[in-house]
Amino acid sequence: MTEKLNEVFLLLGANLGEREFSLMNAYKAVEKTIGEIIDVSALYETEAWGNIHQPSFLNQVIKVTSTLPAELLLEELLRIEQKAGRIRTLKNDARIIDIDILFFNNEVYNLPHLKIPHPEIQNRNFVLEPLNEIAPTFIHPVLLKPISTLLKECKDMLKAEKLNMQKLN
């Protein structure tokens, strides 16, 4: 029996320490423990969202194929963050690495510890800009709109600036 291959979109973010190094290490850890990375956005620099009194973030969206079910995927991502030195403190606080599950196939999870699609996708340019780069026609399974439309409709005033540097891979 073959295992189901899930398509997962993840958002990588970092605003403490060597941000590029943190993203590159997260990328490698995802590839080693989660599955094959099949698409990668450019890097985007954005002001911190929510708590603006902290360094700006580097963000990147990656598309991964994985045999892990959603809850195991979340556990593994939390392990990757912890190994990288992430300490969870206040919501929207500065962090060495952050890995969010944006989408898991077209599935919807509304558990206390796991919400997929990520509930804030449509409100954040730093998610929509890199996501639109690699998946503009992907249909949000709850809002039933393509990513390109969500980006056009987004009211977020924080600019997500695409950086002219090589992708981390």
Side-chain angles (χ1 to χ4, degrees), residues 3-15 19 23 26-27 30-31 34-52 54 56-78 80-81 91-93 95 97-165 167-169:
E3 294 180 280
K4 180 182 178 198
L5 204 53
N6 301 298
E7 282 195 346
V8 183
F9 287 93
L10 302 174
L11 175 70
L12 308 179
N15 75 334
R19 300 174 305 165
L23 290 179
Y27 181 100
V30 165
E31 203 160 45
I34 304 296
E36 181 183 0
I37 296 173
I38 57 173
D39 208 350
V40 182
S41 77
L43 293 174
Y44 287 77
E45 185 155 19
T46 57
E47 296 173 56
W49 197 92
N51 177 1
I52 60 171
Q54 59 180 308
S56 61
F57 273 84
L58 277 187
N59 290 295
Q60 182 176 49
V61 170
I62 61 176
K63 183 179 181 183
V64 182
T65 55
S66 179
T67 57
L68 295 176
E71 291 193 64
L72 267 145
L73 173 71
L74 176 63
E75 288 176 23
E76 198 57 46
L77 293 174
L78 293 172
I80 291 169
E81 289 180 346
K91 183 175 173 65
N92 296 325
D93 211 4
R95 58 206 79 146
I97 191 67
D98 186 32
I99 308 172
D100 289 333
I101 303 170
L102 301 176
F103 297 110
F104 187 89
N105 300 317
N106 288 313
E107 297 172 25
V108 177
Y109 293 80
N110 194 13
L111 305 170
H113 64 287
L114 180 63
K115 305 232 183 284
I116 302 173
H118 190 289
E120 294 295 329
I121 290 171
Q122 68 279 4
N123 299 320
R124 298 178 175 173
N125 281 332
F126 70 87
V127 175
L128 289 168
E129 288 284 356
L131 187 56
N132 186 61
E133 181 185 327
I134 65 172
T137 60
F138 183 84
I139 304 294
H140 190 295
V142 173
L143 302 175
L144 303 177
K145 294 180 181 181
I147 299 305
S148 60
T149 299
L150 294 177
L151 178 59
K152 287 177 192 160
E153 294 175 350
C154 184
K155 305 276 191 267
D156 184 2
M157 299 305 288
L158 296 180
K159 188 175 162 196
E161 183 180 342
K162 186 175 182 178
L163 300 181
N164 291 328
M165 54 192 306
K167 294 178 180 181
L168 299 177
N169 57 10

Test your reading of the model: is there a side-chain donor-acceptor pair from [X] to the backbone of [Y], 3.5 Å cut-off?
X    : Y    : result
S41  : V61  : yes
N125 : A160 : no
E71  : L68  : no
N105 : E107 : no
E129 : Y44  : no

Straight-line distance of [X] [atom1] to [Y] [atom2], nearest 0.5 Å:
X    : Y    : atom1 : atom2 : answer
K162 : K159 : NZ    : NZ    : 13.0 Å
L58  : L163 : CG    : CG    : 6.0 Å
T67  : L73  : OG1   : CG    : 10.0 Å
L5   : T65  : CG    : OG1   : 4.5 Å
L158 : S56  : CG    : OG    : 11.0 Å
I121 : L143 : CD1   : CG    : 8.5 Å

*asked:* If you compare all heavy atoms of E7 against all heavy atoms of I38, which two are closest, and at what distance to 0.1 Å?
replied: OE2-CD1, 4.5 Å
*Taking all atoms of both residues into account, what is the closest heavy-atom pair of G13 and F57, and its distance?*
C-CD2, 4.1 Å
Is the shortest side-chain heavy-atom distance between [X] and [Y] below 4.5 Å?
X    : Y    : result
L23  : I97  : yes
P117 : V108 : yes
L128 : N123 : no
V40  : I134 : no

Side-chain atoms of residues 147-155: list all donor-acceptor pairs with protein atoms under 3.5 Å, sequence neighbours left out, distances to 0.1 Å.
residue : atom : partner : partner atom : Å
S148    : OG   : P136    : O            : 3.4
E153    : OE1  : K145    : NZ           : 2.8
E153    : OE2  : K145    : NZ           : 3.3

*Any idea how F103 and F138 line up, ring-wise: parallel (<30°), tilted (30 to 60°), or perpendicular (>60°)?*
tilted
*Run the numbers on I80 and I34 for side chain to side chain contact (heavy atoms under 4.5 Å, CB included), then give the verdict.*
CA-CA 10 Å; I80 291 169; I34 304 296; 4.2 Å; yes
_Tell me which one of V64, L11, L74 satisfies side-chain contact (heavy atoms from CB on, under 4.5 Å) with I101._
L74
*With sequence neighbours left out, write down each residue that passes side-chain contact (heavy atoms from CB on, under 4.5 Å) with I139, or none if nothing qualifies.*
P146
_Using the rule given for side chain to side chain donor-acceptor pair (under 3.5 Å), can you reason through Q60 versus Y27, listing the C-alpha separation, both sets of side-chain angles and the distance that settles it, and then say yes or no?_
CA-CA 10 Å; Q60 182 176 49; Y27 181 100; over 6 Å; no
